[in-house]
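I have placed the structure first, in the form of structure tokens, so that the comments after it can refer back to it.
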Amino acid sequence: MGGAYSVESPYIGIATADRGYIFRKRLFDVFFAAAGILFLLPVFIIVAAVIKITEPRGSVFFKQTRIGKDGKPFNMYKFRSMVENAEQLLAELQHRNEIQGAMFKMKSDPRVTRIGKLIRKTSLDELPQLWNVLKGDMSLVGPRPGLPQEVAQYTSRDRLRLLVPPGCTGLWQVSGRNGLSFMQMVEMDLDYISRRSLLFDLRLILKTFVVIVYPKNAY
């Protein structure tokens with residue numbers, strides 16, 4: 001399979017898609033990711049400057065290993081919204097996890113910086129993932145990529161999320177976001193996979209803009 005996490009499942013047919021769709025989706029991703037980077041370049045500069053001014057000793061960008069399509073690991077990029085040693089502090093906070101399942105979520109995470117709270121609520125921290133889309137690691141729309149330790153806990157049904165490229169946004173991000181349980185997130189991801197089309201992707205992207213402007217359950 002080419003990665004550390006196999007995706008063997010009797011439900012593999014859920015990811016069946018014609019090559020024409022896959023090609024069109026890739027063109028769609030490249031065009032809109034490139035356009036987004038160019039159009040949002042001033043925002044990139046402002047956010048990077050604010051992070052550097054408020055956290056001068058830390059890095060502007062955060063790179064983290066995530067698991068993508070077919071279980072292949074890749075480096076996902078974000079604007080840094082947490083303290084520099086956030087990864088090391090995670091183990092100490094696991095007992096305060098507020099979501100059941102193979103995911104860590106904490107509403108008042110002490111690792112988040114002051115500017116981090118703002119850019120996370122408005123999803124500005126996710127903008128560098130447009131570079132991941134251009135590279136082909138991710139798609140604009142799809143299941144969110146899990147951490148290696150999270151994917152290691154996936155059930156066979158959870159692993160169906162790995163049958164398609166992970167996305168910057170998706171169905172559950174515009175349908176409840178962090179207010180959902182992990183099981184609900186998985187079911188919505190599988191619903192997206194079975195229904196996916198360019199028109200559906202466009203609808204979800206437009207809804208994502210609404211969620212960004214009127215954030216709810218974002219932390």
**Prompt:** Does Thr169 reach the side chain of Leu140, with side-chain heavy atoms less than 4.5 Å apart?
**Reply:** no

**Message:** Please report the interatomic distance CD1(Ile205) to CZ(Phe28), rounded to the nearest 0.5 Å.
**Reply:** 4.0 Å

**Request:** Answer yes or no: is there a side-chain heavy-atom contact under 4.5 Å between Val151 and Leu162?
**Result:** yes

**Asked** So, does Ser139 use its side chain to make a donor-acceptor pair with the main chain of Gly142 at under 3.5 Å?
**Response** no

**Request:** Measure the spacing between OG of Ser81 and CD1 of Ile51 and express it to the nearest 0.5 Å.
**Result:** 8.0 Å

**Asked** Hey, does Val47 have a side-chain heavy atom less than 4.5 Å from the side chain of Ile119?
**Response** yes

**Complete:** For Thr113 and Gly116, the nearest pair of non-hydrogen atoms, with its separation, is OG1-N, 2.9 Å

**Prompt:** Which heavy-atom pair separates Pro143 from Ile193 by the least distance, and what is that distance?
**Reply:** CG-CD1, 4.2 Å

**Item:** Arg80 (side chain) donor-acceptor with Val60 (main chain) under 3.5 angstrom
**Value:** no

**Asked** Does the side chain of Cys168 reach to within under 4.5 Å of the side chain of Val133, using non-hydrogen atoms?
**Response** yes

**Message:** Does any part of the side chain of Pro166, heavy atoms only, come nearer than 4.5 Å to the side chain of Phe74, both counted from C-beta?
**Reply:** yes

**Complete:** NZ (Lys72) and CD1 (Ile67) are apart, to the nearest 0.5 Å, by 12.0 Å

**Prompt:** Going hydrophobic residue to hydrophobic residue with side-chain gaps under 4.5 angstrom, can you get from Val112 over to Val50?
**Reply:** no

**Request:** List the atom of Met82, the atom of Asp109, and the distance in Å for their closest heavy-atom pair.
**Result:** CE-OD2, 3.7 Å

**Message:** Going by the rule salt bridge (Lys or Arg N to Asp or Glu O under 4.0 Å), which residues pair with Asp201 if we only count those two or more places apart in sequence or in a different chain?
**Reply:** Lys25

**Prompt:** In Å, rounded to the nearest 0.5 Å, how long is the span from CZ of Arg24 to CG of Leu198?
**Reply:** 6.0 Å

**Prompt:** Below 4.5 Å, heavy atoms only, C-beta onward: do Leu160 and Asp189 meet side chain to side chain?
**Reply:** no

**Request:** In sequence, state the C-alpha distance, the side-chain angles, and the governing distance for Lys121 and Leu118, and then conclude on side-chain contact (heavy atoms from CB on, under 4.5 Å).
**Result:** CA-CA 5 Å; Lys121 193 171 185 66; Leu118 175 62; 5.6 Å; no

**Message:** Evaluate Val30 against Leu134 for side-chain contact (heavy atoms from CB on, under 4.5 Å), listing each step before the verdict.
**Reply:** CA-CA 5 Å; Val30 170; Leu134 280 182; 4.1 Å; yes

**Prompt:** Should the ring pair Phe61 and Phe79 be called parallel, tilted or perpendicular, given that the plane angle runs from 0 to 90° and is split at 30 and 60?
**Reply:** parallel

**Prompt:** Within a reach of under 6.0 Å around CZ of Phe200, are more than 12 heavy atoms found that belong to other residues, nucleotides or ligands?
**Reply:** yes

**Message:** With a 3.5 Å distance limit and no angle check, can you tell me whether Arg66 reaches the backbone of Pro145 through a side-chain donor-acceptor pair?
**Reply:** yes

**Prompt:** Of all residues at least two apart in sequence or in a different chain, which pass the side chain to side chain donor-acceptor pair (under 3.5 Å) check with Arg195?
**Reply:** Asp191

**Request:** Take Arg196 and Tyr21 through the side-chain contact (heavy atoms from CB on, under 4.5 Å) test and state the conclusion after the steps.
**Result:** CA-CA 10 Å; Arg196 69 197 189 283; Tyr21 163 76; 3.3 Å; yes

**Request:** Report whether Ile115 and Leu127 are members of the same hydrophobic cluster (ILVMFWY, side-chain heavy atoms less than 4.5 Å apart, transitive linking).
**Result:** yes

**Asked** So Asn132 and Tyr77, side-chain contact (heavy atoms from CB on, under 4.5 Å) or not? Walk me through it.
**Response** CA-CA 7 Å; Asn132 284 117; Tyr77 300 96; 3.6 Å; yes

**Item:** salt bridge (charged side-chain N to carboxylate O under 4.0 Å, His left out): pairs with one or both residues in residues 131-153, sequence neighbours excluded
**Value:** Glu126-Arg144, Lys135-Asp137

**Asked** If you round to the nearest 0.5 Å, how far is NZ of Lys78 from CG of Asp125?
**Response** 4.5 Å

**Item:** Between CD on residue Glu187 and CH2 on residue Trp172, distance to nearest 0.5 Å
**Value:** 14.0 Å

**Message:** What I'd like to find out is whether the side chain of Met138 reaches to under 4.5 Å of the side chain of Asp29, using heavy atoms alone.
**Reply:** no

**Item:** Hydrophobic cluster membership, Leu147 vs Phe62, 4.5 Å side-chain cutoff
**Value:** no

**Prompt:** If every non-hydrogen atom of Leu171 is compared with every non-hydrogen atom of Met188, which pair is closest and at what distance?
**Reply:** CD2-O, 3.5 Å

**Asked** Any side-chain heavy-atom pair from Val43 and Ile46 closer than 4.5 angstrom?
**Response** no

